[in-house]
Amino acid sequence: QLQASGGGLVQAGGSLRLSCVVSGRTFSSSAMGWFRQAPGKEREFVATISWNGGGTHYADSVKDRFTISRDNAKNTVYLQMKSLKPEDTAVYFCAASTVRSVVVGTSYYNYWGQGTLVTVSS
């Protein structure tokens, strides 16, 4: 199971930190990812981190504003978001990958959390 939390309402320019706790599977051997889905749009990739945190990759739209990290001792992956924009408004999902290295495509992720809503007001 993946349980995401930390979403909420924030003004443009503000910050939020999302958390995703993983249980019931081997967290430390999987790359993890964050995706988001805005109303009326397809789910899109946001960020990914390798199994040991040594590699990360971001969507261009969030690069230099968002930071993904993980704590394998706590089975938790984080997404620190700053300088938030109204276009960042979406439901954010965490996902566990079938591989260890950073991957972007949703087909590499076989476990998904329930999502947490982030709303950025202008």
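Counting only residues at least two apart or in different chains, disulfide bond (SG atoms under 2.5 Å apart) contacts with residues 27-77 are absent. Listed by first then second residue, pairs satisfying disulfide bond (SG atoms under 2.5 Å apart) with a partner in residues 65-122 read C20-C94, not counting sequence neighbours.
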Review point. Would M32 and V22 satisfy side chain to side chain contact (heavy atoms under 4.5 Å, CB included), going step by step from the backbone distance to the final call?
Key: CA-CA 10 Å; M32 297 293 296; V22 181; 3.8 Å; yes
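Around the NZ atom of K41, the shell of radius 6.0 Å holds no more than 12 heavy atoms that belong to other residues, nucleotides or ligands.
One finds the OG atom of S122 at 9.5 Å from the CD atom of Q11 (value rounded to the nearest 0.5 Å). The OG atom of S101 lies 10.5 Å from the CG atom of N52; values are rounded to the nearest 0.5 Å. Once rounded to the nearest 0.5 Å, the distance linking CZ of R70 with OG of S28 reads 7.5 Å.
Within the 4.5 Å cutoff, the side chain of F66 has no heavy atoms near those of the L16 side chain.
Under a 4.5 Å side-chain heavy-atom cut-off, the cluster of Ile, Leu, Val, Met, Phe, Trp and Tyr residues that includes F93 is completed by F35, F45, V91, V99, V103, V104, Y108, Y109, W112, L117.
For R65, the salt bridge (Lys or Arg N to Asp or Glu O under 4.0 Å) partners are D88, not counting sequence neighbours. Applying the side-chain hydrogen bond (donor to acceptor under 3.5 Å, both in side chains) rule to T116 yields no partners; only residues at least two apart in sequence or on another chain are considered. Partners of R100 by side-chain hydrogen bond (donor to acceptor under 3.5 Å, both in side chains), not counting sequence neighbours: none found.
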